[in-house]
Chemist: 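Below is one structure. I have some questions about it.
Order of the sequence lines sets the chain letters (A, B, ...), proteins ahead of strands, with each chain counted from 1.
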Amino acid sequence: MSTSGQPQFRYTQTPSKVLHLRNLPWECTEEELIELCKPFGKIVNTKCNVGANRNQAFVEFADLNQAISMVSYYASSSEPAQVRGKTVYIQYSNRHEIVNNKSPGDIPGNVLLVTIEGVEAGDVSIDVIHLVFSAFGFVHKIATFEKAAGFQALIQFSDSETASAARNALNERSIPRYLLPEHVNSCHLRISYSAHTDLNIKFQSHRSRDYTNPYLPVNPTAIEGIVQPAVGPDGKKKELESNVLLASIENMQYAVTVDVLHTVFSAFGTVQKIAIFEKNGQTQALVQYPDVSTAAAAREALEGHCIYDGGYCKLHLSYSRHTDLNVKAYSDKSRDYTIPDASLLTAQQVSGLPGVPGAWQNPQAGPLYHGNNFTSGGAVSGQYPGGQAAPWDPTMQSGRQQYVSVPGTYPGQNFAASSVPGYATAAGPAGSSPLTPTSQIPSAVTSMGFSPGVPANVRPGGASSPGQLQLGVPPNVRPGGASRPGQHTYYGQ
DNA sequence: AGCACA
(Lines give C-alpha, C1' and ligand atoms only; values in the text may rest on other atoms or scores of the structure.)
Protein backbone atom coordinates (compact mmCIF):
# COMPACT_ATOMS: atom_id res chain seq x y z
CA MET A 1 0.00 0.00 0.00
CA SER A 2 2.38 2.69 -0.99
CA THR A 3 1.10 6.16 -1.45
CA SER A 4 2.18 6.35 -5.02
CA GLY A 5 -0.27 8.02 -7.35
CA GLN A 6 2.12 10.90 -7.86
CA PRO A 7 1.83 12.28 -11.34
CA GLN A 8 4.46 11.04 -13.63
CA PHE A 9 6.58 13.66 -15.22
CA ARG A 10 8.13 14.03 -18.49
CA TYR A 11 11.48 12.48 -17.87
CA THR A 12 10.20 9.57 -15.89
CA GLN A 13 7.52 8.41 -18.24
CA THR A 14 7.89 5.18 -19.99
CA PRO A 15 7.32 5.35 -23.69
CA SER A 16 3.90 4.54 -25.01
CA LYS A 17 2.53 4.48 -28.47
CA VAL A 18 -0.12 6.77 -27.07
CA LEU A 19 0.89 10.40 -26.82
CA HIS A 20 -0.73 13.01 -24.65
CA LEU A 21 -0.92 16.46 -26.21
CA ARG A 22 -1.60 19.61 -24.23
CA ASN A 23 -2.13 23.26 -24.87
CA LEU A 24 -3.96 22.59 -28.05
CA PRO A 25 -6.16 25.33 -29.44
CA TRP A 26 -9.72 25.14 -28.24
CA GLU A 27 -11.66 22.29 -29.80
CA CYS A 28 -8.76 21.25 -31.91
CA THR A 29 -9.99 18.94 -34.61
CA GLU A 30 -8.88 15.43 -35.25
CA GLU A 31 -7.61 16.52 -38.63
CA GLU A 32 -5.32 19.07 -37.05
CA LEU A 33 -3.98 16.37 -34.78
CA ILE A 34 -3.42 14.00 -37.61
CA GLU A 35 -1.77 16.72 -39.60
CA LEU A 36 0.68 17.25 -36.79
CA CYS A 37 1.41 13.64 -35.98
CA LYS A 38 1.19 11.67 -39.18
CA PRO A 39 4.72 12.54 -40.36
CA PHE A 40 5.95 10.26 -37.61
CA GLY A 41 3.87 7.23 -38.31
CA LYS A 42 0.51 5.68 -38.77
CA ILE A 43 -2.17 6.98 -36.46
CA VAL A 44 -4.62 4.33 -35.42
CA ASN A 45 -6.75 6.29 -33.03
CA THR A 46 -7.24 9.71 -31.54
CA LYS A 47 -9.13 11.33 -28.75
CA CYS A 48 -9.74 15.02 -29.14
CA ASN A 49 -11.06 17.81 -27.00
CA VAL A 50 -10.17 16.25 -23.72
CA GLY A 51 -10.31 18.13 -20.46
CA ALA A 52 -12.41 20.95 -19.20
CA ASN A 53 -10.90 23.28 -21.74
CA ARG A 54 -11.12 20.75 -24.49
CA ASN A 55 -7.56 21.53 -25.30
CA GLN A 56 -5.92 18.19 -24.70
CA ALA A 57 -5.80 15.14 -26.88
CA PHE A 58 -4.42 11.67 -27.28
CA VAL A 59 -2.94 10.17 -30.35
CA GLU A 60 -2.19 6.49 -30.72
CA PHE A 61 0.40 5.37 -33.21
CA ALA A 62 0.44 1.95 -34.72
CA ASP A 63 3.93 1.37 -33.45
CA LEU A 64 5.75 2.42 -30.34
CA ASN A 65 8.76 3.57 -32.35
CA GLN A 66 6.61 6.03 -34.20
CA ALA A 67 5.53 7.64 -30.96
CA ILE A 68 9.11 7.69 -29.77
CA SER A 69 10.24 9.33 -32.97
CA MET A 70 7.72 12.11 -32.53
CA VAL A 71 8.59 12.78 -28.93
CA SER A 72 12.29 12.62 -29.75
CA TYR A 73 11.95 14.94 -32.68
CA TYR A 74 10.22 17.68 -30.78
CA ALA A 75 12.45 17.17 -27.74
CA SER A 76 15.40 18.26 -29.81
CA SER A 77 13.70 20.53 -32.30
CA SER A 78 14.20 24.23 -32.27
CA GLU A 79 10.65 24.57 -33.60
CA PRO A 80 8.05 23.45 -31.14
CA ALA A 81 5.11 21.42 -32.25
CA GLN A 82 2.34 23.82 -33.17
CA VAL A 83 -1.31 23.77 -34.06
CA ARG A 84 -2.82 27.02 -35.30
CA GLY A 85 0.29 28.76 -34.09
CA LYS A 86 -0.03 27.47 -30.55
CA THR A 87 2.80 25.48 -29.08
CA VAL A 88 1.67 21.98 -28.33
CA TYR A 89 3.30 20.00 -25.54
CA ILE A 90 3.77 16.35 -26.27
CA GLN A 91 4.52 13.52 -23.91
CA TYR A 92 3.92 9.84 -23.59
CA SER A 93 0.60 8.96 -22.18
CA ASN A 94 0.52 6.87 -19.08
CA ARG A 95 -1.75 4.48 -20.90
CA HIS A 96 -0.80 2.27 -23.74
CA GLU A 97 -3.83 2.38 -25.84
CA ILE A 98 -6.75 4.59 -26.48
CA VAL A 99 -9.74 2.65 -25.36
CA ASN A 100 -12.76 2.50 -27.52
CA ASN A 101 -13.63 6.02 -26.79
CA LYS A 102 -15.43 6.90 -29.92
CA SER A 103 -18.95 6.36 -30.86
CA PRO A 104 -18.95 4.23 -33.97
CA GLY A 105 -19.95 7.20 -36.03
CA ASP A 106 -16.74 8.98 -35.18
CA ILE A 107 -14.48 6.27 -36.52
CA PRO A 108 -13.46 7.42 -39.95
CA GLY A 109 -14.41 5.37 -42.92
CA ASN A 110 -15.05 5.89 -46.58
CA VAL A 111 -18.81 5.84 -46.15
CA LEU A 112 -20.65 8.73 -44.56
CA LEU A 113 -23.95 8.51 -42.81
CA VAL A 114 -25.74 11.76 -43.45
CA THR A 115 -28.85 12.71 -41.57
CA ILE A 116 -30.71 15.53 -43.22
CA GLU A 117 -32.73 17.27 -40.58
CA GLY A 118 -35.85 19.22 -41.08
CA VAL A 119 -36.84 17.73 -44.39
CA GLU A 120 -38.92 14.94 -45.68
CA ALA A 121 -37.51 12.38 -48.04
CA GLY A 122 -38.99 14.00 -51.10
CA ASP A 123 -37.54 17.39 -50.34
CA VAL A 124 -33.95 16.58 -51.11
CA SER A 125 -33.37 14.57 -54.21
CA ILE A 126 -30.60 12.08 -54.49
CA ASP A 127 -29.19 14.22 -57.26
CA VAL A 128 -28.87 17.19 -54.98
CA ILE A 129 -27.09 15.02 -52.45
CA HIS A 130 -24.82 13.74 -55.16
CA LEU A 131 -24.08 17.24 -56.34
CA VAL A 132 -23.24 18.51 -52.89
CA PHE A 133 -20.99 15.64 -51.92
CA SER A 134 -19.29 15.37 -55.28
CA ALA A 135 -17.51 18.58 -54.44
CA PHE A 136 -15.10 16.54 -52.34
CA GLY A 137 -14.38 13.70 -54.66
CA PHE A 138 -15.93 10.98 -56.70
CA VAL A 139 -19.05 9.67 -55.06
CA HIS A 140 -19.26 5.97 -55.71
CA LYS A 141 -22.65 5.16 -54.32
CA ILE A 142 -25.55 6.69 -52.50
CA ALA A 143 -28.33 4.98 -50.65
CA THR A 144 -31.10 6.94 -49.02
CA PHE A 145 -33.69 5.80 -46.57
CA GLU A 146 -36.00 7.04 -43.90
CA LYS A 147 -35.54 6.01 -40.34
CA ALA A 148 -36.73 7.36 -37.05
CA ALA A 149 -33.81 9.74 -37.15
CA GLY A 150 -35.24 11.24 -40.29
CA PHE A 151 -34.14 11.29 -43.86
CA GLN A 152 -30.73 9.71 -44.15
CA ALA A 153 -28.23 8.92 -46.82
CA LEU A 154 -25.19 6.69 -46.97
CA ILE A 155 -22.57 8.18 -49.22
CA GLN A 156 -19.64 6.12 -50.33
CA PHE A 157 -16.34 7.70 -51.27
CA SER A 158 -13.16 6.10 -52.46
CA ASP A 159 -11.41 6.50 -49.16
CA SER A 160 -11.83 7.83 -45.67
CA GLU A 161 -9.74 10.90 -46.42
CA THR A 162 -12.22 12.05 -49.01
CA ALA A 163 -15.07 11.15 -46.75
CA SER A 164 -13.49 13.08 -43.90
CA ALA A 165 -13.01 16.11 -46.08
CA ALA A 166 -16.69 16.05 -46.96
CA ARG A 167 -17.69 15.51 -43.39
CA ASN A 168 -15.50 18.30 -42.09
CA ALA A 169 -16.83 20.72 -44.62
CA LEU A 170 -20.48 19.83 -44.43
CA ASN A 171 -21.20 18.52 -40.96
CA GLU A 172 -23.60 20.76 -39.07
CA ARG A 173 -24.06 22.85 -42.16
CA SER A 174 -26.90 23.11 -44.59
CA ILE A 175 -27.48 22.34 -48.20
CA PRO A 176 -27.73 25.65 -50.04
CA ARG A 177 -31.25 26.89 -50.27
CA TYR A 178 -31.11 27.30 -54.00
CA LEU A 179 -30.76 23.59 -54.42
CA LEU A 180 -33.91 22.92 -52.49
CA PRO A 181 -37.59 23.34 -53.08
CA GLU A 182 -38.89 26.68 -51.98
CA HIS A 183 -40.81 25.42 -49.04
CA VAL A 184 -37.78 23.89 -47.39
CA ASN A 185 -36.56 26.34 -44.84
CA SER A 186 -33.82 24.41 -43.18
CA CYS A 187 -31.76 21.50 -44.25
CA HIS A 188 -29.27 20.74 -41.56
CA LEU A 189 -26.72 18.01 -42.19
CA ARG A 190 -25.51 15.79 -39.40
CA ILE A 191 -22.73 13.60 -40.67
CA SER A 192 -21.02 10.65 -39.08
CA TYR A 193 -19.09 7.73 -40.44
CA SER A 194 -20.79 4.56 -41.36
CA ALA A 195 -19.28 1.23 -40.53
CA HIS A 196 -19.95 0.20 -44.11
CA THR A 197 -17.13 0.17 -46.56
CA ASP A 198 -18.99 -0.84 -49.66
CA LEU A 199 -22.66 -0.26 -50.19
CA ASN A 200 -24.64 -2.89 -51.95
CA ILE A 201 -26.75 -1.01 -54.45
CA LYS A 202 -28.98 -3.31 -56.41
CA PHE A 203 -30.77 -0.81 -58.59
CA GLN A 204 -30.60 2.73 -59.78
CA SER A 205 -33.66 4.22 -58.26
CA HIS A 206 -35.05 7.28 -56.63
CA ARG A 207 -33.44 6.17 -53.42
CA SER A 208 -30.17 4.63 -54.42
CA ARG A 209 -27.48 5.10 -57.02
CA ASP A 210 -24.31 3.39 -58.03
CA TYR A 211 -22.24 5.88 -59.97
CA THR A 212 -19.57 3.31 -60.65
CA ASN A 213 -22.01 1.24 -62.61
CA PRO A 214 -24.24 3.33 -64.80
CA TYR A 215 -25.61 0.24 -66.46
CA LEU A 216 -27.06 -1.07 -63.28
CA PRO A 217 -30.69 -1.71 -64.04
CA VAL A 218 -33.29 0.74 -62.96
CA ASN A 219 -35.42 -0.77 -60.33
CA PRO A 220 -38.49 -1.98 -62.17
CA THR A 221 -40.58 -1.67 -59.05
CA ALA A 222 -39.42 1.82 -58.31
CA ILE A 223 -42.53 3.35 -59.71
CA GLU A 224 -42.03 6.10 -57.24
CA GLY A 225 -38.86 6.90 -59.03
CA ILE A 226 -40.85 8.01 -61.98
CA VAL A 227 -42.92 10.19 -59.78
CA GLN A 228 -39.83 11.57 -58.21
CA PRO A 229 -39.03 15.10 -59.11
CA ALA A 230 -37.08 15.57 -62.24
CA VAL A 231 -33.77 17.23 -61.80
CA GLY A 232 -32.35 19.90 -63.96
CA PRO A 233 -28.78 20.11 -65.17
CA ASP A 234 -27.84 22.07 -62.09
CA GLY A 235 -29.13 19.30 -59.92
CA LYS A 236 -31.86 21.51 -58.59
CA LYS A 237 -35.04 19.68 -58.03
CA LYS A 238 -37.60 20.70 -60.51
CA GLU A 239 -41.02 21.21 -59.24
CA LEU A 240 -43.29 18.32 -59.57
CA GLU A 241 -46.80 19.36 -60.30
CA SER A 242 -49.52 18.40 -57.93
CA ASN A 243 -53.15 19.09 -57.38
CA VAL A 244 -52.22 20.29 -53.93
CA LEU A 245 -50.52 23.63 -53.47
CA LEU A 246 -48.32 24.55 -50.58
CA ALA A 247 -48.77 28.20 -49.73
CA SER A 248 -46.31 30.01 -47.54
CA ILE A 249 -47.65 33.25 -46.22
CA GLU A 250 -45.12 35.96 -45.74
CA ASN A 251 -45.55 39.19 -43.83
CA MET A 252 -48.69 37.93 -42.23
CA GLN A 253 -49.88 41.09 -40.58
CA TYR A 254 -53.47 40.04 -40.76
CA ALA A 255 -55.15 36.83 -39.89
CA VAL A 256 -55.41 34.43 -42.76
CA THR A 257 -58.24 32.07 -42.11
CA VAL A 258 -59.44 29.03 -43.89
CA ASP A 259 -62.23 31.13 -45.30
CA VAL A 260 -59.91 33.74 -46.67
CA LEU A 261 -57.84 31.12 -48.38
CA HIS A 262 -60.91 29.42 -49.67
CA THR A 263 -62.08 32.62 -51.20
CA VAL A 264 -58.78 33.39 -52.80
CA PHE A 265 -58.11 29.96 -54.15
CA SER A 266 -61.65 29.26 -55.27
CA ALA A 267 -61.08 31.73 -58.04
CA PHE A 268 -59.44 28.99 -60.02
CA GLY A 269 -61.61 26.04 -59.35
CA THR A 270 -63.14 23.93 -56.69
CA VAL A 271 -61.13 23.94 -53.55
CA GLN A 272 -61.51 20.56 -51.99
CA LYS A 273 -59.55 20.85 -48.82
CA ILE A 274 -57.51 23.35 -46.92
CA ALA A 275 -55.16 22.91 -44.05
CA ILE A 276 -53.31 25.70 -42.27
CA PHE A 277 -50.30 25.01 -40.14
CA GLU A 278 -47.17 26.56 -38.78
CA LYS A 279 -43.76 25.54 -39.93
CA ASN A 280 -40.60 27.15 -38.67
CA GLY A 281 -42.59 30.05 -37.38
CA GLN A 282 -44.21 30.70 -40.70
CA THR A 283 -47.79 30.12 -41.56
CA GLN A 284 -48.29 27.71 -44.37
CA ALA A 285 -51.32 26.18 -45.93
CA LEU A 286 -52.09 23.27 -48.16
CA VAL A 287 -54.81 23.82 -50.69
CA GLN A 288 -56.20 20.87 -52.53
CA TYR A 289 -57.79 21.09 -55.95
CA PRO A 290 -59.35 18.25 -57.87
CA ASP A 291 -56.66 18.29 -60.50
CA VAL A 292 -53.19 19.46 -61.31
CA SER A 293 -54.14 21.95 -63.98
CA THR A 294 -56.35 23.90 -61.64
CA ALA A 295 -53.63 23.98 -59.08
CA ALA A 296 -51.17 25.06 -61.75
CA ALA A 297 -53.41 27.90 -62.81
CA ALA A 298 -53.83 29.05 -59.24
CA ARG A 299 -50.17 28.81 -58.59
CA GLU A 300 -49.28 30.70 -61.70
CA ALA A 301 -51.72 33.46 -60.95
CA LEU A 302 -51.21 33.87 -57.26
CA GLU A 303 -47.52 33.29 -56.80
CA GLY A 304 -45.84 36.25 -55.21
CA HIS A 305 -49.01 38.21 -54.74
CA CYS A 306 -50.57 39.51 -51.62
CA ILE A 307 -53.86 38.71 -50.06
CA TYR A 308 -54.05 42.16 -48.61
CA ASP A 309 -53.05 45.49 -49.92
CA GLY A 310 -49.74 46.85 -48.78
CA GLY A 311 -47.66 43.78 -49.20
CA TYR A 312 -49.38 41.92 -46.41
CA CYS A 313 -49.83 38.20 -46.46
CA LYS A 314 -47.74 37.60 -49.51
CA LEU A 315 -48.24 34.20 -51.01
CA HIS A 316 -45.51 31.89 -52.12
CA LEU A 317 -46.79 28.83 -53.82
CA SER A 318 -45.26 25.53 -54.60
CA TYR A 319 -46.58 22.12 -55.32
CA SER A 320 -47.05 19.86 -52.40
CA ARG A 321 -46.09 16.26 -52.52
CA HIS A 322 -49.49 15.44 -51.18
CA THR A 323 -52.28 14.55 -53.50
CA ASP A 324 -55.04 14.04 -51.01
CA LEU A 325 -55.09 15.83 -47.73
CA ASN A 326 -56.33 14.16 -44.63
CA VAL A 327 -57.86 17.03 -42.75
CA LYS A 328 -60.49 17.63 -40.19
CA ALA A 329 -63.67 18.44 -41.99
CA TYR A 330 -64.17 21.57 -40.01
CA SER A 331 -61.77 23.27 -37.72
CA ASP A 332 -60.25 26.69 -37.50
CA LYS A 333 -57.19 25.38 -39.27
CA SER A 334 -58.67 23.02 -41.80
CA ARG A 335 -61.66 22.38 -43.94
CA ASP A 336 -62.84 19.56 -46.09
CA TYR A 337 -65.27 20.93 -48.62
CA THR A 338 -65.86 17.57 -50.15
CA ILE A 339 -67.93 16.53 -47.20
CA PRO A 340 -71.39 17.94 -47.71
CA ASP A 341 -72.20 18.16 -44.07
CA ALA A 342 -69.07 20.05 -43.42
CA SER A 343 -70.06 22.64 -45.97
CA LEU A 344 -73.32 23.14 -44.27
CA LEU A 345 -71.62 23.37 -41.00
CA THR A 346 -69.20 25.82 -42.46
CA ALA A 347 -71.87 28.05 -43.84
CA GLN A 348 -73.75 28.04 -40.63
CA GLN A 349 -70.86 28.69 -38.42
CA VAL A 350 -69.26 31.29 -40.51
CA SER A 351 -72.41 33.20 -41.11
CA GLY A 352 -72.69 33.28 -37.41
CA LEU A 353 -69.39 34.99 -37.05
CA PRO A 354 -69.56 38.38 -35.46
CA GLY A 355 -68.73 40.49 -38.41
CA VAL A 356 -65.65 40.92 -40.44
CA PRO A 357 -62.41 41.55 -38.69
CA GLY A 358 -61.22 45.05 -39.13
CA ALA A 359 -58.15 44.03 -40.95
CA TRP A 360 -60.21 42.85 -43.81
CA GLN A 361 -61.73 46.21 -44.16
CA ASN A 362 -58.43 47.59 -45.09
CA PRO A 363 -59.09 51.22 -45.78
CA GLN A 364 -56.55 51.20 -48.53
CA ALA A 365 -58.70 48.86 -50.40
CA GLY A 366 -61.27 51.55 -50.71
CA PRO A 367 -59.50 53.81 -53.12
CA LEU A 368 -58.05 50.88 -54.92
CA TYR A 369 -61.32 49.29 -55.65
CA HIS A 370 -63.75 52.08 -55.64
CA GLY A 371 -63.31 53.91 -58.79
CA ASN A 372 -59.64 54.51 -58.59
CA ASN A 373 -58.77 51.54 -60.54
CA PHE A 374 -58.32 53.32 -63.74
CA THR A 375 -57.36 56.78 -62.76
CA SER A 376 -54.82 55.65 -60.29
CA GLY A 377 -53.29 53.19 -62.57
CA GLY A 378 -50.27 55.34 -63.15
CA ALA A 379 -49.78 55.91 -59.52
CA VAL A 380 -50.10 52.30 -58.77
CA SER A 381 -47.67 51.24 -61.35
CA GLY A 382 -45.42 53.97 -60.12
CA GLN A 383 -45.03 52.05 -56.95
CA TYR A 384 -43.05 49.56 -58.88
CA PRO A 385 -40.45 51.53 -60.71
CA GLY A 386 -39.00 49.85 -63.66
CA GLY A 387 -41.69 47.32 -63.48
CA GLN A 388 -39.23 44.65 -62.67
CA ALA A 389 -41.22 43.61 -59.73
CA ALA A 390 -44.53 44.37 -61.21
CA PRO A 391 -46.93 42.97 -58.76
CA TRP A 392 -49.18 41.48 -61.28
CA ASP A 393 -48.68 40.05 -64.67
CA PRO A 394 -49.73 42.74 -67.08
CA THR A 395 -51.50 40.21 -69.16
CA MET A 396 -53.85 39.84 -66.31
CA GLN A 397 -55.06 43.33 -66.82
CA SER A 398 -55.77 43.16 -70.44
CA GLY A 399 -56.43 39.62 -71.25
CA ARG A 400 -58.76 37.08 -69.96
CA GLN A 401 -57.46 34.32 -72.08
CA GLN A 402 -55.06 33.17 -69.51
CA TYR A 403 -57.70 31.80 -67.30
CA VAL A 404 -60.65 31.29 -69.45
CA SER A 405 -60.15 30.66 -73.04
CA VAL A 406 -57.29 28.30 -72.85
CA PRO A 407 -58.89 25.00 -73.57
CA GLY A 408 -58.23 22.37 -71.08
CA THR A 409 -57.08 24.68 -68.42
CA TYR A 410 -60.09 23.82 -66.40
CA PRO A 411 -60.96 20.27 -67.03
CA GLY A 412 -63.63 20.52 -64.45
CA GLN A 413 -65.14 23.36 -66.43
CA ASN A 414 -65.48 25.35 -63.33
CA PHE A 415 -65.11 28.25 -65.60
CA ALA A 416 -67.27 27.75 -68.54
CA ALA A 417 -65.72 30.28 -70.79
CA SER A 418 -68.99 31.82 -71.70
CA SER A 419 -70.06 32.06 -68.16
CA VAL A 420 -67.63 34.72 -67.28
CA PRO A 421 -69.96 37.64 -67.48
CA GLY A 422 -72.58 36.06 -65.39
CA TYR A 423 -70.01 34.73 -63.11
CA ALA A 424 -68.32 38.01 -62.81
CA THR A 425 -71.59 39.61 -62.12
CA ALA A 426 -72.43 37.23 -59.44
CA ALA A 427 -69.05 37.10 -58.01
CA GLY A 428 -68.15 40.70 -58.26
CA PRO A 429 -67.87 41.96 -54.78
CA ALA A 430 -68.53 45.43 -53.73
CA GLY A 431 -66.31 47.76 -55.57
CA SER A 432 -64.54 45.19 -57.55
CA SER A 433 -64.21 46.50 -60.95
CA PRO A 434 -62.48 44.48 -63.52
CA LEU A 435 -59.35 46.27 -64.39
CA THR A 436 -57.63 46.31 -61.12
CA PRO A 437 -54.05 47.14 -61.75
CA THR A 438 -52.83 46.07 -58.43
CA SER A 439 -51.18 43.11 -56.99
CA GLN A 440 -53.56 42.38 -54.27
CA ILE A 441 -56.34 39.97 -54.06
CA PRO A 442 -58.13 41.87 -51.45
CA SER A 443 -61.59 42.24 -52.68
CA ALA A 444 -61.74 38.64 -51.86
CA VAL A 445 -61.13 39.77 -48.41
CA THR A 446 -62.48 43.22 -48.18
CA SER A 447 -65.92 41.94 -48.74
CA MET A 448 -66.17 38.86 -46.76
CA GLY A 449 -69.88 38.69 -46.70
CA PHE A 450 -69.74 35.74 -48.98
CA SER A 451 -70.82 32.27 -48.32
CA PRO A 452 -67.63 30.58 -47.50
CA GLY A 453 -68.86 27.12 -47.87
CA VAL A 454 -70.09 27.65 -51.38
CA PRO A 455 -67.50 28.82 -53.81
CA ALA A 456 -69.04 31.17 -56.24
CA ASN A 457 -67.51 29.53 -59.20
CA VAL A 458 -69.04 26.29 -58.25
CA ARG A 459 -72.50 27.55 -57.98
CA PRO A 460 -74.61 26.36 -60.80
CA GLY A 461 -74.69 28.83 -63.58
CA GLY A 462 -73.09 31.45 -61.50
CA ALA A 463 -76.38 33.17 -61.15
CA SER A 464 -76.59 36.13 -58.97
CA SER A 465 -78.22 35.62 -55.68
CA PRO A 466 -80.04 38.74 -54.73
CA GLY A 467 -79.21 39.97 -51.37
CA GLN A 468 -76.25 37.71 -51.01
CA LEU A 469 -72.97 39.03 -51.98
CA GLN A 470 -71.15 36.20 -53.55
CA LEU A 471 -67.51 36.27 -53.90
CA GLY A 472 -65.43 33.94 -55.81
CA VAL A 473 -62.82 35.68 -57.79
CA PRO A 474 -60.54 38.41 -56.70
CA PRO A 475 -60.87 41.20 -59.20
CA ASN A 476 -57.38 41.04 -60.42
CA VAL A 477 -57.51 37.35 -60.69
CA ARG A 478 -60.78 37.14 -62.37
CA PRO A 479 -60.84 35.65 -65.77
CA GLY A 480 -62.85 38.47 -67.19
CA GLY A 481 -60.09 40.93 -66.87
CA ALA A 482 -61.35 43.14 -69.59
CA SER A 483 -63.95 45.67 -68.86
CA ARG A 484 -67.32 44.67 -70.09
CA PRO A 485 -69.58 47.63 -69.75
CA GLY A 486 -72.88 46.75 -68.37
CA GLN A 487 -71.86 43.52 -66.95
CA HIS A 488 -71.50 44.70 -63.45
CA THR A 489 -74.44 44.68 -61.27
CA TYR A 490 -72.52 45.43 -58.18
CA TYR A 491 -70.81 48.65 -57.60
CA GLY A 492 -70.36 48.37 -53.96
CA GLN A 493 -69.63 51.38 -51.97
C1' DA B 1 0.18 23.20 -19.77
C1' DG B 2 -0.03 17.87 -16.56
C1' DC B 3 -4.00 12.07 -18.65
C1' DA B 4 -9.76 10.19 -21.25
C1' DC B 5 -13.45 6.15 -20.58
C1' DA B 6 -16.39 2.44 -18.19
Chemist: Within the stacking criterion (centroid distance below 5.5 Å, interplanar angle below 30°), does A/Phe58 stack on B/dA4?
Modeler: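 The ring of A/Phe58 is stacked on B/dA4.
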Chemist: How many whole angstroms separate atom CG of A/Asn45 from atom P of B/dC3?
Modeler: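 One finds 20 Å between P of B/dC3 and CG of A/Asn45, rounded.
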Chemist: Taking CG from A/Leu21 and C1' from B/dA4, how many angstroms apart are they, rounded to a whole number?
Modeler: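 Answer to the nearest Å: 13 Å.
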Chemist: Starting from the C-alpha separation in whole Å, work towards a yes-or-no answer on side-chain hydrogen bond (donor to acceptor under 3.5 Å, both in side chains) for A/Glu182 and A/Ser318.
Modeler: CA-CA 7 Å; A/Glu182 295 235 342; A/Ser318 59; over 6 Å; no
Chemist: Have a look at A/Glu30 and tell me which of A/Asn168, A/Asn45, A/Thr46 forms a side chain to side chain donor-acceptor pair (under 3.5 Å) with it.
Modeler: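 Of the listed options, the one satisfying the test is A/Thr46.
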Chemist: Mind checking A/Val99 for me? I need base, sugar-phosphate or nothing, with any heavy atom below 4.0 Å counting as a touch.
Modeler: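 Since a base atom lies under 4.0 Å of A/Val99, the category is base.
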Chemist: Using the side-chain heavy atoms of A/Arg22, tell me which of these nucleotides is nearest: B/dG2, B/dC3, B/dA4.
Modeler: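 The closest nucleotide is B/dG2.
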Chemist: Write down the distance between CG (A/Leu24) and P (B/dC3), rounded to a whole number of angstrom.
Modeler: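 My rounded result for the distance is 14 Å.
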Chemist: Evaluate the side-chain proximity of A/Val114 to A/Ile129: yes if any heavy-atom separation is below 4.5 Å, no if none is.
Modeler: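 A/Ile129 vs A/Val114: side chains apart.
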Chemist: So, is A/Gln56 close to the B/dG2 phosphate, meaning a side-chain N or O under 4.0 Å from OP1 or OP2?
Modeler: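 Yes.
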Chemist: Rounded to the nearest Å, what distance is computed from the CD1 atom of residue A/Ile90 to the C1' atom of nucleotide B/dA1?
Modeler: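 One finds 13 Å between C1' of B/dA1 and CD1 of A/Ile90, rounded.
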Chemist: Using a distance-only test with no angle check, is there a side-chain donor-acceptor pair under 3.5 angstrom linking A/Asp259 and A/Thr257?
Modeler: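 On atom types as modelled, these side chains do not qualify, holding no pair under 3.5 Å.
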Chemist: Closer to the 5' end of DNA chain B via nearest nucleotide, is it A/Lys86 or A/Ile98?
Modeler: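 Result of the comparison: A/Lys86.
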Chemist: Check every atom of B/dA1, B/dA4, B/dC3 against the side chain of A/Tyr89 and return the nucleotide holding the closest atom.
Modeler: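 Between B/dA1, B/dA4, B/dC3, the one nearest the side chain of A/Tyr89 would be B/dA1.
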